[in-house]
Amino acid sequence: MESVNKNLQSINQRIKAAAHRSGRTPDSVKLVAVTKQAPLEKIMAAVECGQHLFGENFVQEANDKINRVSLAAAGKTISWHFIGHLQSNKARQAAELFRIIETVDRLKLARLLNKHLATLGRGISVLVQVNIGREKQKSGIAPEECTEFIGQLRQFEHLEIAGLMAMPPFSADPEMTRPYFKSMRLLATELVDRGVLPGRVELSMGMSGDFEVAIEEGATMVRLGTAVFGART
Ligand SMILES: *Cc1c(COP(=O)(O)O)cnc(C)c1O
C-alpha cells in the first residue's frame, strides 16, 4: 500500500507546516485517520506507517474493523474516535469500543454513555459537537448554548469533557470555511476563560479539503479520510 504511505508522509509534512504557521509545535495537532469505507489492508498500511489514531462514523462498521485491526496490529496501541452521529441504541457499544466520542450533542446520549461506562467501570473523553454554521440538517449544540450544555454534562462522572468538535458548512474553497474555524477557536477560548472548559482544550475540526486552514485557526485534531485512503466509492 505504497499510496497510503506516501499520503501520510505528505499529510504529516503539511500538518507540520500549518502548525508552524500558527506558531505551534507539530505535536500539538493530532491526525485522526477516518476509515469509513476504507478496506482493512489500507488501514493496516497506515498502522505500519505509525498511524495510531483512527476515526469511524458507524458503530457497526467499527466493531468489525476495530477487532480485526487490533488482532492484526498485535502489540501496537491504537485508539479509535467515534465521529459520526451516535444513535442512542448504539451508545452501549460505542462506550465499549471508543476512546473518544467526538459527537456528543444531546443530554440523553450523554446520560446513556455515562450509565454504560459506569457498568464497564471506566471513563472516556468526549467532545461536544457544535453546529457552528447553524445548519438545520446538522447535529450539534448552538454556540450560545454550549455553556449550559457543558454545565449539564458535568454531572456525568464517567465522561471527561475534553473539548469541541465541528463540521462547518461545506465549501470547495477552504478560505470560505476559515471564518467558521475562527469562530470555533474564539468560542473555545471564551469557554476556557470563563472556566467552562479545562485549560487544555481539544478542537477537532478540519477534513481533507481544509485541514491546513483549520490548523492555522487552532485545530488540535484534524479528521482526514480521503487524503489518507483515497476517494470513497
Ligand atoms: C468522512 C468524515 C471526515 C473525513 O472526510 P474527508 O473529506 O474524506 O477527509 C471527517 N469528519 C467526519 C465527521 C466525517 O464524517
Side-chain angles (χ1 to χ4, degrees), residues 1 3-15 18 29-40 42-43 45-46 49 51-63 65-66 69 79-87 90-91 94 97-106 109 125-141 162-178 180-181 184 202-233:
M1 287 290 157
S3 61
V4 171
N5 189 355
K6 279 208 181 96
N7 291 346
L8 279 171
Q9 278 183 18
S10 129
I11 290 163
N12 283 318
Q13 281 306 316
R14 289 166 67 188
I15 289 176
V29 182
K30 293 185 271 289
L31 167 62
V32 178
V34 175
T35 57
K36 64 172 174 238
Q37 290 178 36
L40 185 68
K42 285 195 174 182
I43 304 174
C49 298
Q51 180 63 30
H52 58 94
L53 267 184
F54 294 92
E56 253 296 337
N57 296 62
F58 303 103
V59 176
Q60 215 56 50
E61 227 182 294
N63 187 28
K65 264 179 212 171
I66 291 175
V69 171
S79 307
W80 291 80
H81 292 202
F82 187 78
I83 62 168
H85 177 71
L86 186 52
Q87 292 171 289
K90 298 281 187 335
L97 292 171
F98 294 94
R99 161 99 161 271
I100 300 191
I101 309 279
E102 295 201 12
T103 49
V104 170
D105 61 354
R106 59 202 193 279
L109 174 64
S125 296
V126 297
L127 304 183
V128 171
Q129 183 172 1
V130 180
N131 189 354
I132 195 64
R134 298 169 195 281
E135 294 170 278
K136 282 224 168 61
Q137 74 278 18
K138 277 195 187 146
S139 330
I141 305 293
L164 308 176
M165 176 271 199
M167 257 203 297
F170 175 78
S171 167
D173 175 4
E175 284 305 326
M176 298 293 285
T177 318
R178 186 185 294 275
Y180 295 104
F181 292 141
M184 283 299 296
E202 301 284 358
L203 256 186
S204 173
M205 55 188 195
M207 315 204 316
S208 292
D210 55 19
F211 67 98
E212 287 157 301
V213 171
I215 293 169
E216 286 167 14
E217 295 300 335
T220 66
M221 289 176 187
V222 289
R223 310 177 308 266
L224 310 190
T226 316
V228 178
F229 298 113
R232 289 181 289 273
T233 43

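Just so it is clear, the structure is predicted and the values come from calculations on it, not from any experiment. Both counts, for ligands and for their atoms, begin at 1 and track the order of listing.
- Heavy-atom contacts of G225 reach the following atoms of ligand 1: 4 (C), 6 (P), 8 (O), 9 (O) (cutoff under 4.0 Å).
- Shortest non-hydrogen contact noted between A219 and V29 is O-CG2, 3.7 Å.
- Heavy atoms of R232 approach ligand 1 to within less than 4.0 angstrom.
- Listed for the E212 side chain is no donor-acceptor partner under 3.5 Å among the backbone atoms of P174.
- The closest non-hydrogen atom to atom 8 (O) of ligand 1, taken over V34, V228, T226, comes from T226.
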Subject >> Residue pair T35, E56: steps toward the side chain to side chain donor-acceptor pair (under 3.5 Å) verdict >> reply: CA-CA 6 Å; T35 57; E56 253 296 337; 2.9 Å; yes
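- A distance of 6.0 Å or more separates the ring centres of F98 and W80.
- Less than 4.0 angstrom separates some heavy atom of L224 from each of these atoms of ligand 1: 9 (O).
- Against a heavy-atom cut-off of under 4.0 Å, R223 is close to the following atoms of ligand 1: 4 (C), 9 (O), 10 (C), 11 (N), 12 (C), 13 (C).
- Donor-acceptor pairing under 3.5 Å is lacking for the side chains of Q129 and S139.
- V228 has its side chain within reach of L8: a pair of non-hydrogen atoms, C-beta onward, lies under 4.5 Å apart.
- Ion pairing between E61 and K36 fails under the 4.0 Å rule for side-chain N and carboxylate O.
- Residue-ligand proximity, M167 to ligand 1, at heavy-atom distances under 4.0 Å covers atoms 13 (C).
- Shortest contact from atom 2 (C) of ligand 1 to any protein heavy atom: K36 NZ, 2.6 Å.
- Residue, atom and distance of the protein heavy atom nearest to atom 12 (C) of ligand 1 are I83 CD1, 3.6 Å.
- Here the protein heavy atom with the shortest distance to atom 9 (O) of ligand 1 is S208 OG, 2.5 Å.
- Ligand-side atoms of ligand 1 in range of N57: 14 (C), 15 (O), range being under 4.0 angstrom from any heavy atom.
- Side-chain contact check for T103 versus I101: some heavy-atom pair is nearer than 4.5 Å.
- With hydrogens left out, the protein atom closest to atom 10 (C) of ligand 1 is M207 SD, 3.2 Å, a heavy atom.
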